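First up is the structure itself, then whatever we jot down about it.
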Amino acid sequence: QVHLVESGGGLVQPGGSLRLSCAASGTIYSINSMGWYRQGPGKQRELVAKITSSGGTNLADSVKGRFTISRDNAKNTVYLQMNSMKPEDTAVYYCNVVWRSSRWSPEITSWGQGTQVTVSS
């Protein structure tokens with residue numbers, strides 16, 4: 001089992017910044033990718049950004065140049081720095097982790113409980 005703890009959501013004005021964190025703990029042998037998805041009102045869940053264990057990143061076009069994803073492998077923690085935020089960034093943000101419990105176990109995808117981010121004046 002893996003336990004994901006998200007933090008950093010809240011209310012921010014347009015043009016402002018927020019930093020999300022997600023820490024993974026539990027019986028973890030290795031973590032492949034860590035990332036963030038979001039689901040806005042009336043929308044489907046979409047990828048925001050993800051980062052592999054080697055540091056490769058993939059960001060949605062809508063956030064490139066504004067958001068940065070990073071991770072601390074020693075702490076099993078992923079961060080999402082969000083700058084120049086827009087009202088359309090308003091959504092529930094979910095942490096996503098792909099991990100293994102042992103060398104021989106299959107990859108497992110786990111989700112955080114979600115944290116609300118609201119961009120409004």
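Worth saying up front: this structure is predicted, and the values here are computed from it rather than measured. We count residues from 1, following the sequence as given.
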**Request:** Could you give me the CA-CA distance, side-chain angles and deciding distance for Asp61 and Lys64, then say whether salt bridge (Lys or Arg N to Asp or Glu O under 4.0 Å) is met?
**Result:** CA-CA 5 Å; Asp61 289 342; Lys64 286 180 179 177; 3.1 Å; yes
Is there a side-chain contact between [X] and [Y] (heavy atoms, below 4.5 Å)?
{"X": "Val117", "Y": "Leu20", "answer": "yes"}
{"X": "Trp111", "Y": "Cys95", "answer": "no"}
{"X": "Lys50", "Y": "Asn96", "answer": "no"}
{"X": "Asn76", "Y": "Ser25", "answer": "no"}
{"X": "Ile108", "Y": "Val2", "answer": "no"}
{"X": "Ile31", "Y": "Arg71", "answer": "yes"}

**Request:** Taking atom types as modelled, find out whether Asn32 and Ser53 have a side-chain donor-acceptor pair closer than 3.5 angstrom.
**Result:**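 Judged by distance alone, the side chains do not pair up.
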**Prompt:** Is there a donor-acceptor pair under 3.5 Å between the side chain of Thr57 and the backbone N or O of Ile51?
**Reply:**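 No.
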**Request:** Check whether any side-chain N or O of Thr77 sits under 3.5 Å from a backbone N or O of Lys75 as a donor-acceptor pair, and report yes or no.
**Result:**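 Yes: the side chain of Thr77 pairs with the backbone of Lys75.
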**Message:** Nearest 0.5 Å, please: how far is CZ in Arg38 from CD in Glu88?
**Reply:**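 Output value for this atom pair is 8.0 Å.
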**Message:** As an exercise, state the distance from CZ of Phe67 to OG of Ser84, rounded to the nearest 0.5 Å.
**Reply:**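 If I round to the nearest 0.5 Å, the distance is 9.0 Å.
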**Hydrophobic cluster identity match, Val98 and Tyr37, side-chain contacts under 4.5 Å** =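 No, Val98 and Tyr37 fall in different hydrophobic clusters.
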**Request:** May I ask you to establish whether Arg19 and Tyr79 are in a cation-pi arrangement, using a distance under 6.0 Å from NZ or CZ to the six-membered ring centre and at most 45° from the ring axis?
**Result:**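 Cation-pi check for Arg19 and Tyr79: passes.
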**Message:** Counting neighbours of CD on Gln113 that are heavy atoms of other residues, nucleotides or ligands and sit closer than 6.0 Å, is the number greater than 12?
**Reply:**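 Count over threshold, so yes.
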